[in-house]
Amino acid sequence: MDNTVPIGLSPARAFQLLAENPRAVLVDVRSSMEFLFVGHPVGAVHIPWIDEPDWDINPNFVTDIRKLLLGGVSHSDDHPSAPVILICRSGKRSLEAGKRLLEAGMSDIYNVDEGFEGDLNEKHQRSTINGWRFHGLPWEQC
């Protein structure tokens, strides 16, 4: 098993893992505007990987995730850390964010491969081929 790349999950499998493991946390790494106005999975915590106005990588991303985990979901007698499931628009930013978490020594990191909106179709539209919304999983928007 490659421990430099997050474990890939389909949206349905990510949803199932969240349902089966109350310690698991879903982190939406998209920009604030995407999270609010495009929508996000119900229950997702928003910690951007890249955000406006400068569109730079969040220098506090690893620290922000560690703070989230220290908020009560991270430790039990049986497991040193909670599963962290990352999601973005199509699975690419969350994959990079997951790699950074693994480089920082974290474990149990997952990536929703299809993301929230999924891949573009032939008309350059999302949510028509795959992704969290396409599969009808719970989501909300501002």
Side-chain angles (χ1 to χ4, degrees), residues 1-121 124-142:
M1 182 171 163
D2 184 356
N3 61 358
T4 62
V5 178
I7 299 165
L9 299 174
S10 69
R13 180 63 188 114
F15 184 72
Q16 180 182 12
L17 178 58
L18 289 162
E20 292 172 353
N21 187 340
R23 295 175 61 247
V25 61
L26 179 61
V27 178
D28 192 320
V29 304
R30 294 174 301 149
S31 72
S32 297
M33 299 304 264
E34 287 173 293
F35 183 82
L36 292 172
F37 298 115
V38 175
H40 53 270
V42 171
V45 176
H46 181 235
I47 300 177
W49 170 244
I50 299 173
D51 207 359
E52 62 267 343
D54 298 323
W55 302 104
D56 293 327
I57 291 176
N58 177 356
N60 300 313
F61 183 77
V62 173
T63 301
D64 291 344
I65 295 292
R66 286 190 169 138
K67 285 179 184 177
L68 172 67
L69 296 178
L70 289 173
V73 297
S74 65
H75 299 291
S76 75
D77 293 338
D78 299 331
H79 304 290
S81 69
V84 176
I85 304 168
L86 304 172
I87 191 168
C88 67
R89 180 181 63 202
S90 63
K92 293 173 181 62
R93 282 177 283 175
S94 52
L95 178 64
E96 292 307 310
K99 288 178 184 178
R100 176 72 59 87
L101 294 176
L102 292 168
E103 288 169 6
M106 297 180 74
S107 61
D108 223 0
I109 306 297
Y110 299 85
N111 180 51
V112 179
D113 291 330
E114 297 173 17
F116 182 69
E117 294 182 79
D119 296 318
L120 292 169
N121 68 12
H124 300 284
Q125 300 166 328
R126 295 190 187 274
S127 299
T128 61
I129 298 174
N130 57 17
W132 187 276
R133 287 195 320 191
F134 175 81
H135 292 291
L137 298 169
W139 66 281
E140 59 192 3
Q141 80 192 109
C142 176

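Any value given below was found using the heavy atoms of this structure, including those in side chains, with hydrogens, waters and symmetry copies removed.
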Legend entry - Ion pair Glu20/Arg13, N-O distance below 4.0 Å: yes
Inset, instruction - Return yes if some donor-acceptor pair links the side-chain N/O of Asn60 with the main-chain N/O of Thr63 below 3.5 Å, else return no. - result: no
Legend entry - Shortest non-hydrogen contact between Val38 and Arg133, atoms and distance: O-NH1, 3.0 Å
Inset, instruction - Find the distance between CZ (Phe134) and CZ (Phe116) and round it off to the nearest 0.5 Å. - result: 14.0 Å
Legend entry - Nearest heavy atoms of Pro11 and Gly115, plus distance in Å: CG-O, 4.3 Å
Inset, instruction - Would you check, one step at a time, whether the test side-chain contact (heavy atoms from CB on, under 4.5 Å) holds for Leu9 with Leu17? - result: CA-CA 9 Å; Leu9 299 174; Leu17 178 58; 4.1 Å; yes
Legend entry - Heavy-atom check, side chain of Ile50 versus side chain of Asp56, under 4.5 Å: no
Inset, instruction - Measure the CZ-CG distance between Arg66 and Leu68 for me, rounded to the nearest 0.5 Å. - result: 12.5 Å
Inset, instruction - To the nearest 0.5 Å, tell me how far Glu117 CD sits from Ile129 CD1. - result: 12.5 Å
Inset, instruction - State, to 0.1 Å, how close Met106 and Leu102 come at their nearest heavy-atom pair, and which atoms those are. - result: O-CD2, 3.3 Å
Inset, instruction - Check whether more than 12 heavy atoms from other residues, nucleotides or ligands sit under 6.0 Å from atom CZ of Phe15, and answer yes or no. - result: no
Inset, instruction - Answer whether the closest heavy-atom distance between the side chains of Leu95 and Val5 falls below 4.5 Å. - result: yes
Legend entry - Any side-chain heavy-atom pair of Phe37 and Cys142 under 4.5 Å: yes
Inset, instruction - If a pair satisfies side chain to side chain donor-acceptor pair (under 3.5 Å) and one of its residues is in residues 39-49, list it, with sequence neighbours excluded. - result: His40-Glu140
Inset, instruction - List the atom of Leu86, the atom of Ala97, and the distance in Å for their closest heavy-atom pair. - result: CD1-C, 3.9 Å
Legend entry - Heavy-atom side-chain proximity of Val45 to Leu26 below 4.5 angstrom: no
Inset, instruction - Could you check if a side-chain atom of Asn21 sits within less than 4.5 angstrom of a side-chain atom of Pro83, using non-hydrogen atoms only? - result: yes
Inset, instruction - Please tell me if the side chains of Arg126 and Ser90 come closer than 4.5 Å, counting only heavy atoms from C-beta onward. - result: yes
Inset, instruction - Measure across Ile85 and Ala24 and return the closest heavy-atom pair with its distance rounded to 0.1 Å. - result: CD1-CB, 4.5 Å
Inset, instruction - Give the intermediate values and the outcome of salt bridge (charged side-chain N to carboxylate O under 4.0 Å, His left out) for residues Glu96 and Arg93. - result: CA-CA 5 Å; Glu96 292 307 310; Arg93 282 177 283 175; over 6 Å; no
Legend entry - Residue pair Glu34, Ser31: steps toward the side-chain hydrogen bond (donor to acceptor under 3.5 Å, both in side chains) verdict: CA-CA 5 Å; Glu34 287 173 293; Ser31 72; 3.1 Å; yes
Inset, instruction - Drop me the distance from Leu137's CG to Gln16's CD, to the nearest 0.5 angstrom. - result: 11.0 Å
Inset, instruction - Say whether, by atom type as modelled, one donor and one acceptor occur between the side chain of Trp132 and the main chain of Cys88 under 3.5 angstrom. - result: no
Legend entry - Over 12 non-hydrogen atoms of neighbours within 6.0 angstrom of CZ in Arg100: no
Legend entry - Test item: Ile65 and Phe61 side chains (from C-beta on) under 4.5 Å apart, heavy atoms: yes
Legend entry - For Ser94 against Val112, the heavy-atom pair lying closest together: OG-O, 4.3 Å
Legend entry - Gap separating the CG atom of Asn130 from the NE2 atom of His135, nearest 0.5 angstrom: 5.5 Å
Inset, instruction - Check for a donor-acceptor pair, side chain of Asp51 on one end and backbone N or O of Ser32 on the other, with a separation under 3.5 Å. - result: yes
Inset, instruction - Please examine the side chains of Val29 and Ile87, heavy atoms only from C-beta on, and report whether any two atoms are closer than 4.5 Å. - result: no
Inset, instruction - Sequence neighbours left out, what passes side-chain hydrogen bond (donor to acceptor under 3.5 Å, both in side chains) with Arg30? Give chain and number order. - result: Asp28
Inset, instruction - Mind checking the CG-CG spacing from Leu101 to Asp108? Nearest 0.5 Å is all I need. - result: 11.5 Å
Legend entry - Donor-acceptor contact below 3.5 Å, side chain Asn111 vs main chain Gly91: yes
